[in-house]
Amino acid sequence: MSLPIIAVTMGDPSGNGPELCIKAFASGAFRGKARLLVVGDYNVIENARHFPGMPEIGLNRIEKAEEAVFSDDALDVLDLSLFDDISKLRIGEVDALSGLAAFLSVKKAIELAMEGKADATVTNALNKEAMNLALEKTEGRYSDGKTHFDGHTEIYAYYTHTKSYCMMLAHKDLRVSHVSTHCALREACDRVKKARVLEVINLTHDALVRMGIERPHIAVAGLNPHSGEHGLFGHEEIDEIIPAINSAKELGLDAVGPIPPDSVFSEALGGLYDAVIAMYHDQGHIPLKTVGFVYDREKHGWKAIEGVNITLGLPIIRTSVDHGTGFALAGSGKSSELSLLNAISFAISLAGRREN
C-alpha cells in the first residue's frame with residue numbers, strides 16, 4: 001500500500017497557517033506515514049520559514065501535483081502564484097488579498113481530492129471576514145459567482161455537490177457533531193428540526209463505523225436547560241429531538257437522549273458514549289475546546305491547542321485544525337502546531353481505512 005497523499009492548505013497567509021505548515025513538516029511526525037503537499041503560495045511559505053526560526057527547511061516549488069517529489073528533505077508546495085510581491089502580505093490583519101488566497105487554496109485542494117490526486121485534505125484556518133470581503137470585491141469571479149460562504153464546511157459542500165453534511169469536532173475519544181454551526185443563536189434554535197437531527201445522527205453513525213467503531217453508542221444533547229424538563233423550559237425536545245431519536249432507533253441505530261447538555265459531555269469524556277450530537281455551535285465547541293485548549297497561567301501562553309474538525313458526509317476526506325487564524329501570534333513563530341498535527345494524523349487514519 002502506497003503512502004497516502006495529504007493535501008494541506010496554507011490557510012490565511014496573514015495568519016498562522018503558513019508557519020504551522022513549516023512546523024508540521026519540520027517535526028518529522030509523518031515520515032513513512034504520508035506524503036504531504038502544501039497547497040497555496042510558494043513565496044508565502046518560503047517567507048514563513050523565518051517566523052519559527054527554520055530557514056533551513058527545504059522547499060520544492062511545483063506547478064502541478066504530479067511534479068511532487070515527496071522528499072524527506074523538502075516540503076512540496078503547489079504554487080498558485082498568489083503573492084508575486086511578498087511585500088503586499090499584511091501579517092496579522094484582515095486583508096482581502098489574503099482572504100482570496102486562502103479561498104483559492106481550499107478550492108484547489110478540493111479539486112485535487114475530487115480528481116484522485118490527493119487521498120485526503122487538511123485545512124489550516126481561514127478568516128471568514130477576509131474571504132467574503134475578497135469574494136465580494138471580485139464579484140464572485142473566482143467562486144462561480146458566489147460572494148459569500150459561511151466557512152470551510154460550506155465551501156467543501158458546494159464544490160463536492162454535497163447536500164447532507166455536518167461538522168464533527170474530535171479530541172481523543174471526545175467526538176461532537178453539530179446540528180448547526182455558523183449562524184445566530186436565535187436561528188440555531190429554529191434549525192433544531194426532527195429531519196436535521198436525524199440526519200446528523202445518521203452521518204455521525206456512519207462516520208464512527210468508518211473509524212472502526214462497530215456499533216456506535218450516540219448521545220443526543222437537549223437544546224434547553226435540563227432538556228426542557230418535560231416542556232417546562234421549552235418544547236423542542238418533545239416536538240423535534242425525541243421523534244428524531246425514535247426514528248434513529250427504528251433504523252437500528254444506538255441513539256439515546258435527549259440528555260441534559262450540562263452533563264452529557266462529562267459522561268462522554270467518561271466513556272459512556274462514542275459521540276455526542278450538539279444542537280448548536282457553542283454547545284459543542286465549548287466542551288471540546290475546554291479539554292483541548294490548555295492555557296498556561298504562569299507563562300501567559302497556550303500550552304496546548306488540540307482538536308480536529310472533520311466534515312462528515314463528503315465524498316472526500318477533510319479534516320481541519322480546530323482554531324482560528326491566530327492573528328495576534330501570526331509571524332511570531334509561537335503558534336502551536338498540535339492541532340494541525342492531529343488533523344493530519346486523523347486524515348492519514350481515515351485515508352488508510354478508506355483504502356482498506
Side-chain angles (χ1 to χ4, degrees), residues 1-11 16-17 20-21 23-25 27-39 106 109-110 112-113 118-126 151-153 155-156 160 162 165-178 181 200 203-214 216 218 268-269 273-276 278 284-285 287-289 291-293 304-324 335-356:
M1 186 185 301
S2 59
L3 298 179
I5 296 175
I6 311 297
V8 182
T9 68
M10 69 175 178
N16 56 17
L20 294 181
C21 290
K23 283 187 168 185
F25 180 75
S27 73
F30 308 109
R31 291 178 182 174
K33 299 178 182 178
R35 294 172 287 174
L36 300 186
L37 170 64
V38 171
V39 181
V106 174
I110 295 171
L112 293 177
D119 298 294
T121 65
V122 176
T123 55
N124 270 297
L126 56 72
H152 272 119
T153 303
I155 299 172
Y156 270 79
T160 61
T162 301
Y165 59 91
C166 74
M167 174 193 292
M168 172 187 279
L169 298 184
H171 175 62
K172 298 181 180 179
D173 290 336
L174 179 61
R175 308 173 188 91
V176 184
S177 295
H178 296 68
T181 50
V200 175
L203 289 169
T204 302
H205 171 88
D206 291 345
L208 293 173
V209 170
R210 289 198 301 275
M211 292 176 191
I213 301 173
E214 187 173 344
I218 300 172
L269 277 172
Y273 314 113
D274 297 304
V276 176
H285 277 59
L288 197 294
K289 291 189 175 183
V291 297
F293 288 28
I305 298 180
E306 298 186 75
V308 180
N309 181 336
I310 309 158
T311 305
L312 308 185
L314 300 175
I316 60 177
I317 296 170
R318 181 253 170 168
T319 67
S320 179
V321 297
D322 184 27
H323 58 71
S335 293
S336 171
E337 71 274 24
L338 284 177
S339 185
L340 179 57
L341 294 177
N342 291 336
I344 296 173
S345 293
F346 228 107
I348 293 171
S349 176
L350 291 174
R353 290 186 180 279
R354 169 176 282 188
E355 187 165 341
N356 287 332

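Positions are given from 1 along the sequence.
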Visitor: Counting only heavy atoms not in Asp206, do more than 12 sit closer than 6.0 Å to its CG atom?
Guide: yes
Visitor: Quick one: CG on Asp119 to CG on Leu112, what's the gap to the nearest 0.5 Å?
Guide: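 Going from CG on Asp119 over to CG on Leu112, the span is 11.0 Å.
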Visitor: Looking only at heavy atoms, what is the nearest atom pair of Leu20 and Ser335, with distance?
Guide: CD2-O, 3.7 Å
Visitor: Is the closest side-chain heavy-atom distance between Glu337 and Phe25 below 4.5 Å?
Guide: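 No, side chains not in contact.
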Visitor: Measure across Leu340 and Ala24 and return the closest heavy-atom pair with its distance rounded to 0.1 Å.
Guide: CD2-CB, 3.8 Å
Visitor: How close do Ala125 and Val321 get, counting heavy atoms only, and between which atoms?
Guide: N-CG2, 3.7 Å
Visitor: With side chain to side chain contact (heavy atoms under 4.5 Å, CB included) as the test, would you mind laying out the steps for Asp322 and Asn342 before giving the verdict?
Guide: CA-CA 10 Å; Asp322 184 27; Asn342 291 336; over 6 Å; no
Visitor: Does any part of the side chain of Thr204, heavy atoms only, come nearer than 4.5 Å to the side chain of Pro216, both counted from C-beta?
Guide: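 A side-chain contact is absent here, since even the closest heavy-atom pair is not under 4.5 Å.
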Visitor: Checking Val200 against His178 for the side chain to side chain contact (heavy atoms under 4.5 Å, CB included) test, could you report, in this order, the C-alpha distance in whole Å, the side-chain angles of both residues, the deciding distance, and whether it holds?
Guide: CA-CA 7 Å; Val200 175; His178 296 68; over 6 Å; no
Visitor: Going from CD1 on Ile348 to CZ on Arg35, what distance comes out if it is rounded to the nearest 0.5 angstrom?
Guide: 11.5 Å
Visitor: Hey, could you give me the CG/OG distance between Leu341 and Ser336, rounded to the nearest 0.5 Å?
Guide: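 Separation between the atoms: 8.0 Å.
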Visitor: Look at the side chain of Arg210 and the backbone N and O of Leu350, then say whether any donor-acceptor pair between them is shorter than 3.5 Å.
Guide: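 Not at all, since once roles are kept as given, no pair shorter than 3.5 Å links the two residues.
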Visitor: Does the Thr319 side chain pair with the main chain of Ala343, one donor and one acceptor, at a distance under 3.5 Å?
Guide: yes
Visitor: Could you check if a side-chain atom of His152 sits within less than 4.5 angstrom of a side-chain atom of Met167, using non-hydrogen atoms only?
Guide: no
Visitor: What closest approach, in Å, do Ala170 and Leu288 show between heavy atoms, and which atom pair accounts for it?
Guide: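 Smallest heavy-atom distance, with atoms named: C-CD2, 4.0 Å.
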Visitor: If I take atom CD1 from residue Ile317 and atom OG from residue Ser349, how far apart are they, to the nearest 0.5 angstrom?
Guide: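 Spacing of CD1 (Ile317) from OG (Ser349) equals 9.0 Å.
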Visitor: With Ser320 as reference, evaluate Asn309, Thr311, Thr123 under the side-chain hydrogen bond (donor to acceptor under 3.5 Å, both in side chains) test and give the passing residue.
Guide: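 Only one option passes, and that is Thr123.
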Visitor: Between atom CG of Leu312 and atom OG1 of Thr162, what is the distance when rounded to the nearest 0.5 Å?
Guide: 11.5 Å
Visitor: What heavy-atom pair brings Val38 and Met10 nearest, and what distance separates the two atoms?
Guide: CG1-CB, 4.4 Å
Visitor: Kindly say whether Ser345 contributes a backbone atom to a donor-acceptor pair with the side chain of Lys33 at under 3.5 angstrom?
Guide: no
Visitor: Any side-chain to backbone donor/acceptor pair from Ser177 onto Met168? Under 3.5 Å, distance only.
Guide: no
Visitor: Would you compute the distance between atom OH of Tyr165 and atom CG of Leu203 and round it to the nearest 0.5 angstrom?
Guide: 11.0 Å
Visitor: Carefully, step by step, assess Arg318 and Thr153 under the rule side chain to side chain contact (heavy atoms under 4.5 Å, CB included).
Guide: CA-CA 9 Å; Arg318 181 253 170 168; Thr153 303; 3.6 Å; yes
Visitor: In the structure I gave you, are the side-chain heavy atoms of Tyr156 and Thr121 within less than 4.5 Å of one another anywhere?
Guide: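 The answer is yes, as the side chains (C-beta and beyond) meet within the 4.5 Å cut-off.
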Visitor: Apply the side-chain contact (heavy atoms from CB on, under 4.5 Å) test between Phe30 and each candidate in Ile344, Leu3, Ile6; give the one that qualifies.
Guide: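 Among Ile344, Leu3, Ile6, the one that satisfies the side-chain contact (heavy atoms from CB on, under 4.5 Å) with Phe30 is Ile344.
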Visitor: Evaluate the side chain to side chain contact (heavy atoms under 4.5 Å, CB included) criterion for residues His323 and Asn16: first the C-alpha distance (whole Å), next the side-chain angles of each, then the deciding distance (0.1 Å), finally the verdict.
Guide: CA-CA 10 Å; His323 58 71; Asn16 56 17; 3.9 Å; yes
